[in-house]
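Values reported hereafter were calculated over all heavy atoms of this structure, with side chains retained and with hydrogens, waters and symmetry mates removed. Proteins get letters first, then strands, A, B, ... in listed order; numbering begins at 1 in each.
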Amino acid sequence: MALNKQDDFVKEITKMEDDFPQWYTDVIRKTDLVDYSPVKGFMVIKPYGYALWEAIQSDLDKRFKDTGHKNVYFPLLIPESLLNKEKEHVEGFAPEVAWVTHGGSQRLEERLCVRPTSETIICSMYSKWLRSYRELPYLYNQWCSVVRWEKATRPFLRTSEFLWQEGHTLHETAEEAQAETLQMLSIYKSMCEDLLAIPVVDGLKSESEKFAGAHQTYTIEALMHDGKALQSGTSHNLGQHFTKAFDISFQGRTGEEEYPFHTSWGVSTRLIGGLIMVHSDNRGLVLPPKIAPTQVMIIPIAQKKEGVLDKAYELKAALHHADIRVDIDDSENQSPGWKFNEYEMKGMPLRIEIGPRDIKNNQMVVVRRDTLEKMTLSLDQPAKDIAELLETMQKEMLERARASRDEKTYSIESYDDFKVKQKENPGFAKGMWCGCPECEAKIKEDTGATIRCIPFEQEDLGANCHFCGAPAKHMVYVARAY
RNA sequence: CGGGGUGUAGCGCAGUUUGGUAGCGCAUCUGGUUUGGGACCAGAGGGUCGCGGGUUCAAAUCCUGCCACCCCGACCA
C-alpha cells in the first residue's frame, strides 16, 4: 500500500524504538538546532538551538546572582606550566588538551593550552589577589566555552568545544566550602526540574568518577528515554588541593597564614541533549513551555478571507501582552498542513488554529504538543486560558518524566540479577556497594555500566555489596551513561 | 586507536560494474491558482563530480596516493 504524505513525513525521523542514536541525530538535524562545522567535533549552534542555551543561561544566571555570585572572564589560553601545577588535574586532562604552539609564524617559547576548564588560570590569579580573610569568600562565575579533544563526538552530548559556565569560589573554612558545593548542586537540581522538567538524582561521585584534582565531586544524574544516564551537572569541593599547589594563601583571623577552601561547579550545553532525550518523541522535539523559545504559534487558516488576519493579530497581541512568547505564521507560500507539522516537529508547546469558522463561533482551536490533544476554546479570555494551559503542561511534563524514570529504576537482588535486568530493561539499578574501586572497575568491564552516584537519599537494600559480597557501605545508582 | 561506511547542485541521492554532452527528488526564484494535517500548474537559476598524480583521443567512471566526515566500539562533561 502506498504511503500517504503524512506517513512519508513521519518517516523522515527514525523511530526511537528502532534506533535511538539515529532518532536523536534526526531530531537535531530536522529541527535546525545545530549544524556540523568544517572542524570535526565542533558544532555550529543555530538560532533555535542557541535560544535554548540562552534560556538556561538567564535562569541560572539569576540564581547565581541571587546567591551572591558575580560574573568574571578569564583568558582562553593557559601556559603549560600552570596546567602542570596540580598533578591529578593535569593527568586527568592532558590527553584531551589542544595546544597553541605558534603566534603568527613565530614558535612560542612555552606552548599554551586551550582551556579544558579554568581552575589553573583562575587559581594563579587568585594567588596574586588574595591577602586577607576579610576578602573572602570569592564568589565568581564565568560563562565561556572550553575545548576537550574528544575522539567520539555527538551534537550537544559530547563536542570538542562546548559552552558552559564554571563557578570558582574560595572560602575561609572547609564548612563554608562544603556548604557552597551543596548549594550550587541544589541550584542545578532546581533549574533542571523547574525549567527543563527533568527530574534528577543528586549525590556523590565515587573516587574513580570524581573530577581530576577534586576532594569530592557531587553530581546530578538524569535518565534518558533509552535508559542511559546523563551526568547533567557537577559541583566539586576541591578542598585545598589547588590552593596549596598554587600558593593561594591569606592572613587569617589569628594572624596565621592559611590556605582557603575551594569549589568549582558547572553545567554545559550538554543539558540540551538531555532535554531532547527526556521529552521528545517520534514526531520530533517536545519542549517544556518554560524553556520553549516560542510557546504558542498561531496559524491563520484561509488567511485571505475577510477578518481572519485581523483576528489572528488581535489574539497575538493579547497573548503577548500577558508575557506569553507567541508568534504567528502568516506566510502565504506554505499550507496550513505544512505549518502544523513544522511547528510540531520543532516542539512548540501550543498551536492555535484560527479561521473563518472559529471567528464565526468566537473560538480558537488549540493543540497541545506533548499529548497532541486538540481542544476548542472560546476567545473570551485567551491569555488567561493559554497561560494556565502552559503551566499545566510544564507540571505534567515533569510528572511524566518522573514516572518514566521511576519505571526504569529498580532494586537488584544480586550481581547476576543486575546483569539480566540491565540488559533486558536498561535504567537506574539501585544496589548496595562495598566502596572498593575493584568492584566498580569490574562492573564497568562486565557490563559497560558505571556507578553514577551515591545518592543523598539512601535506602537499605541489604547488608552486603551486591557485586562482591563484602559488607556494604552505600546504596548506589548504577547505569550505562552518555 | 580498532571495525564499518560515505564524499556528485543548498539537502537527499542515482550515475561508477561496461570510460563518450552531469541527472532525479526536495528546496530556491518568477507568474498564477490555493489554504482546517507537509497544495497545484507553468517557467527559471544553480556543478572546478573531496584533493593530487597517472592511464587514455576522451575520466564522476579505470589505476594510485592523500584528505575529510559519519556510524559502531575502547576513553572522556
In whole angstrom, give me the gap between the C1' atoms of B:A60 and B:G50.
12 Å
Categorize A:T159 for me: base, sugar-phosphate, or nothing, with a 4.0 angstrom heavy-atom threshold over every strand shown.
base
Integer-rounded Å distance: B:C72 P and A:R480 CZ:
12 Å
Would you indicate what A:F211 reaches in the nucleic acid, counting non-hydrogen atoms under 4.0 angstrom: base, sugar-phosphate, or nothing?
nothing
NA contact type, A:L157, heavy-atom cut-off 4.0 Å: base, sugar-phosphate, or nothing?
base
Let's go through A:E166 and A:C144 carefully: what are the C-alpha distance in whole Å and the side-chain angles of both, what is the deciding distance for side-chain contact (heavy atoms from CB on, under 4.5 Å) to 0.1 Å, and is it a yes or a no?
CA-CA 8 Å; A:E166 44 178 330; A:C144 65; 3.5 Å; yes
Which part of the nucleic acid, if any, lies within reach of A:P300 when heavy atoms closer than 4.0 Å are counted: base, sugar-phosphate only, or nothing?
nothing
Sorted by number, residues from residues 359-375 of chain A placing a heavy atom under 4.0 Å from RNA chain B are A:V365, A:K374
Taking NZ, NE, NH1 and NH2 as the nitrogens, is one of them in A:R63 or A:D194 under 4.0 Å from a carboxylate oxygen of the other?
yes
Per the under-4.0 Å heavy-atom filter, residues of residues 88-102 of chain A near RNA chain B come out as A:E96
For A:I301 and B:G37, give me the distance from atom CD1 to atom P, rounded to whole Å.
8 Å
Might you point out which heavy atoms bring A:P116 and A:V97 nearest each other, and give the distance in Å?
CG-CG2, 3.9 Å
Given B:U35, is OP1 or OP2 found less than 4.0 Å from the side-chain N or O atoms of A:S335?
no
Those residues at least two apart in sequence (or on a different chain) that pass side-chain hydrogen bond (donor to acceptor under 3.5 Å, both in side chains) with A:D380 are A:N362, A:S378
With sugar-phosphate meaning primed atoms plus P, OP1 and OP2, does A:K339 contact a base, only sugar-phosphate, or nothing at under 4.0 Å between heavy atoms?
nothing
Which label fits A:H236 and A:F211: parallel for a plane angle under 30°, tilted from 30 to 60°, or perpendicular past 60°?
parallel
Taking the same atom, P, in B:C24 and in B:A42, what whole-Å distance lies between them?
15 Å
For B:A74, does either OP1 or OP2 sit under 4.0 Å from a side-chain N or O belonging to A:K151?
no
What is the distance, to the nearest angstrom, from the CZ atom on A:R29 to the C1' atom on B:C69?
12 Å
Rounding to a whole Å, what distance do you find between A:I28:CD1 and B:C11:P?
19 Å
Which value, in whole Å, describes the distance between the P atoms of nucleotides B:U56 and B:G43?
46 Å
Between B:U48 and B:U35, how many Å separate the two P atoms, rounded to a whole number?
41 Å
Shorter than 3.5 Å, N or O on both sides, protein versus nucleotides 43-47 of chain B: list them out with atom names.
none

Between A:W149 and A:F42, is the gap from one ring center to the other below 6.0 Å?
yes
With a 4.0 Å heavy-atom cut-off, tell me which residues in residues 182-201 of chain A come close to RNA chain B, sorted by residue number.
none
Mind checking if A:E353 touches a base, just sugar-phosphate, or nothing, with heavy atoms under 4.0 Å?
base
Integer angstrom distance from the C1' of B:U64 to that of B:U55
11 Å
Atom C1', compared across B:U61 and B:G19: separation rounded to whole Å
6 Å
base_contact_polar (B:C76 base, A:R148 side chain, donor-acceptor, <3.5 Å):
no
A:K305 vs B:G36: side-chain N/O to OP1/OP2 distance below 4.0 Å
no
Determine the contact category for A:Q22: base if any of its heavy atoms lies under 4.0 Å from a base atom, sugar-phosphate if only primed atoms, P, OP1 or OP2 are that close, otherwise nothing.
nothing
Whole-angstrom distance between B:G46 and B:U28, as gauged at atom C1'
9 Å
Please work out whether the ring planes of A:Y218 and A:F456 are parallel, tilted or perpendicular, with thresholds of 30° and 60°.
tilted
Atom CD of A:Q334 and atom P of B:A27 are separated, to the nearest Å, by 8 Å
Classify A:R351 by what it touches in the nucleic acid, base, sugar-phosphate, or nothing, heavy-atom distance under 4.0 Å.
base
Are the aromatic rings of A:H89 and A:F242 close, with centres under 6.0 Å apart?
yes
Mind checking what makes ring-ring contact (aromatic ring centres under 6.0 Å, His included) contact with A:Y343, not counting sequence neighbours?
none
At 4.0 Å (heavy atoms only), tell me whether A:T234 reaches a base, stays on the sugar-phosphate, or touches nothing.
nothing
